[in-house]
Novice: 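Quick one: structure below, then a few questions.
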Amino acid sequence: AHEELRNSGLLRMLDTYEQVIAFIEQHPTVFFSHQWLARTEPDPNDRHLNAMLRAAEALCDKEGVDSDHLYCWIDYACIPQANAVMKAQSIATIALYASVCRYF
């Protein structure tokens, strides 16, 4: 979940709209969002994860992006899950991230 990834240092945290825009201008970023496949977890058998990995690989091949430098905005990973208020506020910003990511 988001909190585990954040605590392990695997997420890039951006606090303002200006930081988001500046980051996306400098780094190729793809937006991923998907429907949950189970009631308690989004992707229990990694079906969506594997599809996202294939899509990211194809995107890198098509656009000439080094896969080590592609950033992925993935809803479950990027939206806080433990705090209901933060989760709701973050869900409300999904359209913003979708609209500014270079790839969708």
Novice: Under a 4.5 Å side-chain heavy-atom rule over Ile, Leu, Val, Met, Phe, Trp and Tyr, are Ile79 and Ile24 clustered together?
Specialist: yes
Novice: Rounded to the nearest 0.5 Å, what separation is found between the CH2 atom of Trp73 and the CG atom of Leu11?
Specialist: 11.0 Å
Novice: My understanding is that a hydrophobic cluster links ILVMFWY residues whose side chain heavy atoms are under 4.5 Å apart, including indirect links. Using that, what else belongs to the cluster containing Leu49?
Specialist: Leu53
Novice: How long is the span from the CG atom in Leu10 to the CD atom in Glu4, to the nearest 0.5 Å?
Specialist: 10.5 Å
Novice: If every non-hydrogen atom of Pro44 is compared with every non-hydrogen atom of Pro42, which pair is closest and at what distance?
Specialist: CD-C, 3.8 Å
Novice: Atom OG of Ser90 and atom CG of Asp75: how far apart are they, to the nearest 0.5 Å?
Specialist: 11.5 Å
Novice: What's the spacing between Asn7 CG and His2 NE2 if we round to 0.5 Å?
Specialist: 8.5 Å
Novice: Answer yes if Tyr71 and Leu14 sit in the same cluster of Ile, Leu, Val, Met, Phe, Trp and Tyr residues linked by side chain heavy atoms under 4.5 Å apart, and no otherwise.
Specialist: yes
Novice: Under a single-linkage definition using a 4.5 Å side-chain heavy-atom cutoff for Ile, Leu, Val, Met, Phe, Trp and Tyr, are Ile21 and Val30 assigned to the same hydrophobic cluster?
Specialist: no
Novice: Has the side chain of Glu3 got a donor or acceptor atom that lies under 3.5 Å from a matching backbone atom of Gln81?
Specialist: yes
Novice: Under 4.5 Å between side-chain heavy atoms, hopping through other hydrophobics if needed: is there a path connecting Met52 to Leu59?
Specialist: yes
Novice: Hey, are the side chains of Gln89 and Thr93 touching, using non-hydrogen atoms and a 4.5 Å cut-off?
Specialist: no
Novice: In the single-linkage hydrophobic clustering (I, L, V, M, F, W, Y; side-chain heavy atoms under 4.5 Å), do Phe104 and Tyr97 co-cluster?
Specialist: yes
Novice: Looking at Phe23, I want to see if its CZ is surrounded by more than 12 non-hydrogen atoms of other residues, nucleotides or ligands under 6.0 Å.
Specialist: yes
Novice: Nearest heavy-atom pair of Tyr76 and Ala1: which atoms, and what distance?
Specialist: OH-CB, 3.6 Å
Novice: Return the CZ to SG distance between Phe32 and Cys101, rounded to the nearest 0.5 Å.
Specialist: 10.0 Å
Novice: Identify the heavy atoms of Leu70 and Cys60 that sit nearest to each other, and give their distance.
Specialist: CD2-SG, 3.7 Å
Novice: Quick one, Phe31 and Val100 - any side-chain contact, counting heavy atoms below 4.5 Å?
Specialist: no
Novice: Which pairs pass side-chain hydrogen bond (donor to acceptor under 3.5 Å, both in side chains) with one or both residues in residues 41-64, sequence neighbours excluded?
Specialist: none
